[in-house]
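Take a look at the structure below.
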Amino acid sequence: MSKNLNLTLRVWRQRGPADSGAFGTYKADGINDDMSFLEMLDVVNERLIGDGKDPIAFDHDCREGICGSCGFVIDGRPHGPQPGTTVCQLHMRHFNDGDDITVEPWRAAAFPIIKDLVVSRAPFDKIIQAGGYISAPTGAARDANSTLIPKPTADLAFDAAACIGCGACVAACPNGAAQLFTSAKIAHLNLLPQGQPERWSRVTSMVEVMESYFGSCTNYRECEAVCPKGISIDFIAKMNRDFLQAKFRDKKKLAGGPLGDAG
Amino acid sequence: MPELNASVPPGPLAEKWDNHKFDTKLVAPQNRRKFQIIVVGTGLAGGAAAATLGEMGYNVKAFCFQDSPRRAHSIAAQGGINAAKNYKSDGDSVHRLFYDTIKGGDYRAREANVHRLAEISTQIIDQCVAQGVPFAREYGGLLDNRSFGGAQVSRTFYARGQTGQQLELGAYQALSRQVELGSVKMYPRTEMLDLVMKDGRAVGIVVRDLVTGEITSHSAHAVVLATGGYGNVFFLSTNAKGSNVTATWRAHKRGAYFANPCYTQIHPTCIPVSGDYQSKLTLMSESLRNDGRVWVPKAKGDKRPANQIPDAERDYYLERRYPSFGNLVPRDVASRAAKVVVDEGYGVGEIANGVYLDFADAIRRLGRATIEQRYGNLFDMYAKITGDNPYEVPMRIYPAVHYTMGGLWVDYNLMSNIPGLFVIGEANFSDHGANRLGASALMQGLADGYFVLPTTIAGELATQLNQPPVSTDSAEFRAAEQSVKDGISRLLGIKGSRTVDSFHRQLGKTMWEHCGMARNTAGLTAALKEIGQLREEFWSDVRVLGENESLNQSLEKAGRVADFLELGELMCQDALHREESCGGHFREEHQTPDGEALRDDDNFAYVAAWEFAGAGRPGVLHKEDLNFEFVHLAQRSYK
Amino acid sequence: MLSGSAPRTSAAAQAPAVRQRRKHHLWVLYFYGSAIGKKAVMAVTGIVLLGFVLMHMVGNLKLYYPDAERHLNAYGEWLRTFGEPALPHTGFLWILRGGLILSFILHIHAAVSLTLMNRQARPIKYQGGRSYAAADYAARTMRWSGFIIGFYVLFHLADLTWGNANPDFIRGEPYNNLYYSFERVPVALVYIVANLLLGLHIYHGAWSLFQSLGLANPRFNQWRRTFAAVFAAAIVIGNVSFPIAVLAGAVDEPEHITGEARLIEHAHTLGTAAETLPGVTFHA
């Protein structure tokens, strides 16, 4: 049976990238605990508009935890208190009547605030553009079953590929590092046989772009703890290993030229 | 009434596509860089098309309203993608996939398109595997398959319950590669607000930068719309909150015909509504029906917990009514059956608005671990949303708006009636007829994006060789920009009393009641009136705060809801005119004695393509007759 | 002109700062220029330093031998004379010291430059505070523990190697120096605190180095944490026991039983008379 909650929200309000921003305090009364956190914000926004006040801007789209649009810090924790849950899937039944809740955007130099809780995550796209793909021209593929992939390998690649690119890992990392995001894509592709030809160039160039925007990894494990998809930091270790191996390899092999190997 | 020419190539069904590829004019590689192509939307269809066109050497500009092209709503598709690979040797073939799709669509799709789709399906799997999409595998390393509704073979490839995500990321990665190579220029957080026409051709678009509010024009030799479906006209649907009809609707207002708008797919397995605050509905993949059994108590208003109701007092109504397909009947059939039992008072849950989807048998038979592996993420999602543990108690499900088979009319080349304007994926009126089979949306999106459009667009571009794109300084672009700016000023200037969402909710309620799972003349007539009034109220009383020159989510929503209001009227008009039941369109006046959809092939075996005649004015109907040369029209039966 | 206006795009408005890295032609500098390279260097130098603290602690366990003074001083002497005559006197020791100094400098340089990089990556902290979900105290205090240990090492050298912080210092008599150093309660306390911090630093570092070097495998992952905990505990227990033992009187007072010959020889090497060495007191 659902019940109603009366809450006090402290939400970061910032008009634009240049504005310095500050917390605004809002009463959220009569919140049904079956609501999702975003539905609660919808209710608050409808009331704000009713009062002629600017509603709180936040990114969101699918509201089923897969598009990666939503995400902000709730009481000091990216995506809030429930492990393995994006804010759109976080339900108010995990809060108590009378709670004070602090809501703040992701904070990282690479993620400038656009407005309120909305940040730009464009550097994530840049990292993928640097090599987060397998070059497979349309129409040139051979039969799908001609490459056998052991189930454990496919499963592990999938575990890495489950990343939704929400940015919680960066938000949680005390260093503002994007190692979990980057390593997940590298691991997904570098584990698969199809990914081998570009394996070494991929890790080198993706890491380079990553480091041009983000901090470094000091193995705090905060990223793994807040990742809504439970991506493991083992993939970071794998990325480090591939990066080190790539650096110790012959440059000609790195180029993926005729001397390139598939190992 | 003018007839529409679909430009279907002649010849035997199985040879049409091959012949057409040969007959279509080509653009030589060295000439491709002379062409500018705009792709709006970066889901499976748009992402795949932009990537492939860029790879071929065209100059491509890709636009999406999300902050990254990876977030398009294709990413939320769960269950899988069909392909006639016949890896399971269970009698599948291109022809069977073609036949199943035509039949599943209740004989309201164009044969030649559907056959092409079935042919290409196998190539899609090859392409995606080459890109590194981690499809489920068997222990021997081969690809695994599952079965989906409306089919008696296992032809669905899947990546856990996140197939759409993995395919979308595959397309996004291919797109990212082209962005890096410079062949595609990406414009995220940018929304198309108008189509620009010159001399009857589509020559570009006007967009708004959602961060700065800047209105800019982009000119091209061809415009490709891949902007998805319009299910959000119902407010509550399984679509993403941002999914909208604006791009296709504004193209419609510039002359593109809107085909079969009333064909709406109501997905049978969604989590029921829990309250008025509900912002969207969450789908539970159809794949769950592989192992879950649908039932309601035999007694009306039975309030006992599910596990205290003995088997003899349960009505497994799908298995009872459709013994051969059982729980795997097509979506429209399953949805209506659920509506019937709930309407009759057998519903379960706090507000008696659902039916059970029970895994107890499957868990007993296969063990919890197997079920967890197959559907773990779906079960987790269900638990998060409802607070119930589906391993212990049956899921509660109810149908929800999911997919729209209607969309802009396109010919065999996927070109709309406006030369230079192409429409792909869910945005076009598509290959699914009046009902789409599960795991076919991903197939169609990728077929259009990777394989069909990049081939057929050349035929149109070839006619434009050495013609420079129209300057964005021209009068046509200036006028379009001005009209977009005027529209925005108008919305901001109303300063009324009601929020955008309150209008949207009200529209959705009207649509769901009168143009939802079951429709009738009285309801549709009432809806037309209500929506008309609501539209007028919207334009006099909506409250959009803030300004254009910064991120303004209310303003974005307002523009989209304004278009939904006009679309809603067209949907009701189309539903009212189609005096038959077919697939997702169920007219209560037209049903068999046992409550199944009753088609009228003599009078309605056509595509209804509507021409815009002004807001609040009935659209002008154009028909494309559907000629079935290769399949025999029959009453669908899943018994 | 293909496209229309494109001057004020949102991409420009939202563009975060990009750090441009110099492209060194020298492979090793290019490698060290990357953060992952620096972390690998920290891991490898960390292993060297771990080896050192372990050997250092184990060597000092001679304090508990029945004939502790002789053993400890002989061990010190052995370190200085090992490898002779192939190596000059204290040659081996200086090779060890060279490796240690290089590791120490690289470890610190990498840590400092990564810290600066990380500061830039989050210029504005969470204004509403943050709650940690996984990072333990050791991980969060690496920079502080490292910083303090670094300064402690300087004091430790001044106290027991150079002697300028120890009035009772006798060059070549580690037993004596250690004894009189720990007899001073404040010094013993500083030593104990520094070793607890060293334990914390190792607890995170000895686990972290596996990650940095890419050594992760489900088969041994759980042992990485155990290894780090056991290593840190061993170092802390061993090292902290020394001052406690001295203060508790469980260790005998130095008797300078190192032997005249060795001392004279030592003084000779230095070109000084033993008696004139600073801080030397004969208890005889």
Side-chain angles (χ1 to χ4, degrees), chain A residues 10 12 16-17 21-23 73 75-78 83 102-104 107-112 114 119-120 122-123 170 172-177 179 207-208 210-226 232-245 247-248, chain C residues 10-11 13-21 27-28 30-31 33-40 42-43 110-111 113-115 117-136 139-140 142-143 204-205 207-218 221 224:
Chain A
R10 224 157 60 93
W12 187 259
F23 282 108
V73 173
D75 290 337
R77 187 77 56 92
T102 302
V103 182
E104 196 173 350
R107 293 211 183 261
F111 291 171
I114 293 174
V119 300
S120 163
V170 174
C173 178
N175 305 329
Q179 312 267 336
V207 164
E208 189 149 325
M210 171 186 81
E211 291 184 352
S212 67
Y213 291 100
F214 296 94
S216 82
C217 178
T218 40
N219 304 319
Y220 285 105
R221 300 180 296 131
E222 283 294 315
C223 52
E224 178 185 67
V226 303
S232 164
I233 55 162
D234 288 359
F235 295 125
I236 298 182
K238 183 178 161 45
M239 171 175 76
N240 292 342
R241 186 167 64 237
D242 276 12
F243 181 81
L244 297 175
Q245 279 189 36
K247 285 287 176 187
F248 282 87
Chain C
S10 68
Q14 322 163 7
V18 185
R19 205 174 5 247
Q20 291 297 347
R21 193 147 72 77
W27 175 86
V28 67
Y30 188 50
F31 171 74
S34 76
I36 295 182
K38 283 199 182 70
K39 283 300 284 186
M42 284 189 78
S113 50
L114 289 175
T115 301
M117 173 182 182
N118 296 339
R119 289 262 158 85
Q120 283 172 20
R122 170 153 315 121
I124 300 173
K125 306 274 168 239
Y126 283 102
Q127 303 295 298
R130 61 164 301 158
S131 83
Y132 288 95
D136 51 32
R140 299 203 312 265
M142 283 304 270
R143 281 157 201 158
H204 181 69
W207 169 82
S208 181
L209 66 88
F210 289 98
Q211 280 289 116
S212 298
L213 293 176
L215 303 171
N217 189 310
N221 274 357
R224 302 186 304 181

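How far CD of C:Gln127 is from OG1 of A:Thr102: 12.0 Å, rounded to the nearest 0.5 Å. Atoms OG1 and CG, on A:Thr218 and C:Leu114 in that order, are 8.5 Å from each other to the nearest 0.5 Å. How far CD1 of C:Ile36 is from CD of A:Glu208: 11.0 Å, rounded to the nearest 0.5 Å. The distance from atom CD of C:Gln120 to atom CZ of A:Phe214, rounded to the nearest 0.5 Å, is 14.0 Å.
A salt bridge does not link A:Glu211 to C:Lys38: none of the charged nitrogens lies less than 4.0 Å from a carboxylate oxygen.
Every ring-ring contact (aromatic ring centres under 6.0 Å, His included) that C:Phe210 has, sequence neighbours left out, goes to C:Phe227. When the side-chain hydrogen bond (donor to acceptor under 3.5 Å, both in side chains) test is applied to C:Arg119, no partner is found at least two apart in sequence or on another chain.
Top candidate by heavy-atom pairs under 4.5 Å with chain C, chosen from A:Val207, A:Val226, A:Ile233, is A:Ile233. Across A:Asp242, A:Ile236, A:Asp75, A:Asp234, the residue that shares the most heavy-atom pairs under 4.5 angstrom with chain C is A:Asp234. Note: A:Ser216 leads A:Ser216, A:Cys173, A:Ala225 in heavy-atom pairs under 4.5 Å with chain C. Note on C:Ala133, C:Ala135, C:Ala40: by heavy-atom pairs under 4.5 Å with chain A, the leading option is C:Ala133. The residue among C:Met142, C:Met42, C:His204 with the most heavy atom pairs within less than 4.5 Å of chain A is C:His204. Counting heavy-atom pairs closer than 4.5 Å to chain C, the top residue among A:Ala172, A:Cys223, A:Ala177, A:Pro123 is A:Ala172. No other option in C:Ser131, C:Gly37, C:Ala139, C:Gly128 has as many heavy-atom pairs under 4.5 Å with chain A as C:Ser131.
Checked by atom type and distance alone, the side chain of A:Arg221 never pairs as donor or acceptor with a backbone atom of C:Asp136 at under 3.5 Å. A:Asn240 places a side-chain N or O within 3.5 Å of a backbone atom of C:Gln211 that can act as its donor or acceptor partner. Between the side chain of C:Trp27 and the backbone N or O of A:Lys247 there is at least one donor-acceptor pair closer than 3.5 Å. A distance-only check finds a donor-acceptor pair linking the side chain of C:Tyr126 to the backbone of A:Arg107 [under 3.5 Å]. Between the side chain of C:Asn118 and the backbone N or O of A:Gly215, no donor-acceptor pair lies under 3.5 Å.
Relative orientation of the C:Phe31 and A:Phe248 rings is perpendicular, given thresholds of 30° and 60° on the angle between their planes.
When all heavy atoms of A:Asn219 and C:Ser212 are compared, the closest pair comes out as ND2-OG, 3.4 Å.
There is no contact between C:Asn217 and chain A, counting heavy-atom distances below 4.5 Å. Residue contact with chain C, scored on non-hydrogen atoms closer than 4.5 Å, involves the backbone and the side chain of A:Glu222 alike.
When each of C:Lys125, C:Arg140, C:Arg130 is tested with A:Pro174 by the rule side-chain contact (heavy atoms from CB on, under 4.5 Å), just one qualifies, namely C:Arg130.
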